[in-house]
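In what follows, chains carry the letters A, B, and so on, assigned in the order in which the sequence lines appear, proteins first and then strands, with residues in each chain numbered from 1.
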2 protein chains.
Amino acid sequence: MLNPDVGKSGAGWADPAPIFAALGDRTRLSLLMKLSDGDARSIAKLSTDTLLTRQAITKHLRVLEGAGLVASLRVGRESRFAARRETIDEARAYLDRVSGHWDDALARLKTFVEPAG
Amino acid sequence: MLNPDVGKSGAGWADPAPIFAALGDRTRLSLLMKLSDGDARSIAKLSTDTLLTRQAITKHLRVLEGAGLVASLRVGRESRFAARRETIDEARAYLDRVSGHWDDALARLKTFVEPAG
DNA sequence: TTATTGGGCAACTTAAGGGTTGCTTATCTG
DNA sequence: CAGATAAGCAACCCTTAAGTTGCCCAATAA
């Protein structure tokens, strides 16, 4: 399948937690890194240079796919995976929201000791 | 404790997976959101408007702290937590790296069907 | 000083995650 | 066609994660 919509839906916002959860694994991050040039690769190719079995890699790829971070397409006898920038950008946008709302470190230190206000 | 260094270390790069793993939970994201104004809040305050017990919230906060996403400081009888922008930005920077390396969607579709090259 | 409120600690249950092995199916190559 | 290569499926470990309950301790407020 070329894609489940894990993306944005009009007005409200989808829960980004599953995206971050998918990113929260060393193996999956390194898979995403390999795919970070935009090219698609087969499972076999993605399984080289790793200690894990092909099945393990497959599972990780499916997790990434479930989160919308990669898309897969079967061509011939192989399954090719490619990174999906949209979802990565969605995660970035979320981090922007939680990061962009306050100013300097000094102000933060103050708030530790100030009354609960 | 005001924080263990989960941050960058000179030349190489720390593994960002634990950061994303910490972000990969709805409850923790909502906690971070509450803290996204830069102010510190007590556990009690952060436990209001949630169905979970205070203990559960505490655990989540400790997970966030372990990942460096928040810092805590005990003042009087309460533990105040505040978000740490550095770590959030670290996660953003990582996403920049995996996202910033290819161009348009069309090119990506091509790579699905092209020979493995 | 006695309640009350904010938190820490520990034990325990349930469910999910990461990984493996074994076997089967489909595709490509000689 | 025979053999090799790419992958899917399913069952099965083992460990960690999320959440709960119960109890105890420290700081504040009446």
Within the 4.0 Å heavy-atom criterion, would you say [X] contacts the bases, only the backbone, or no part of the nucleic acid?
X	answer
A/Arg74	sugar-phosphate
A/Ala56	base
B/Arg62	sugar-phosphate

Whole-Å distance separating the [atom1] atom of [X] from the [atom2] atom of [N]:
X	N	atom1	atom2	value
B/Leu61	D/dA18	CG	C1'	14 Å
A/Ile57	C/dT21	CD1	P	14 Å
B/Ile43	C/dC9	CD1	P	11 Å
B/Lys45	C/dG7	NZ	P	11 Å
A/Arg80	D/dA7	CZ	C1'	14 Å

Side chain to side chain contact (heavy atoms under 4.5 Å, CB included), that's the test. Do A/Leu46 and A/Leu35 meet it? Break it down for me. CA-CA 9 Å; A/Leu46 289 168; A/Leu35 297 174; 4.1 Å; yes
Hey, is the side chain of [X] poking within less than 4.0 Å of OP1 or OP2 on [N], counting only N and O atoms?
X	N	result
A/Arg28	C/dG18	yes
A/Ser79	D/dG8	yes
B/Thr53	D/dT20	yes
B/Thr27	D/dA18	no
B/His60	D/dG19	yes
B/Ser42	C/dG6	no

NZ on A/Lys34 to OG1 on A/Thr48, rounded to 0.5 Å: 5.0 Å
Value for CZ (A/Arg97) from CG (B/Leu29), rounded to nearest 0.5 Å, stands at 10.0 Å
How close do B/Leu64 and B/Ala22 get, heavy atom to heavy atom, and via which atoms? CD2-O, 4.0 Å
Looking at [X] and [N], is any side-chain donor or acceptor paired with a base atom of the opposite kind under 3.5 Å?
X	N	answer
B/Arg54	C/dG6	no
A/Gln55	C/dG22	yes
B/Lys59	D/dG19	yes

Considering only side-chain heavy atoms of A/Arg77, which listed nucleotide, D/dA11, D/dA7, C/dT27, is closest? C/dT27
Side chain of B/Asp25 - closest among D/dG8, C/dT20, D/dA18: D/dA18
Less than 4.5 Å apart, any side-chain heavy atom of B/Leu32 and any of A/Tyr94? no
Ranking A/Leu51 and B/Arg41 by the position along DNA chain C of their nearest nucleotide, the one closer to 5' is B/Arg41
Map B/Ala44 and A/Val75 onto DNA chain C by nearest heavy atom, then report which one ends up closer to the 5' terminus. B/Ala44
Under the side chain to side chain contact (heavy atoms under 4.5 Å, CB included) criterion, do A/Leu23 and B/Ile19 qualify, and how do the steps go? CA-CA 9 Å; A/Leu23 293 170; B/Ile19 300 176; over 6 Å; no
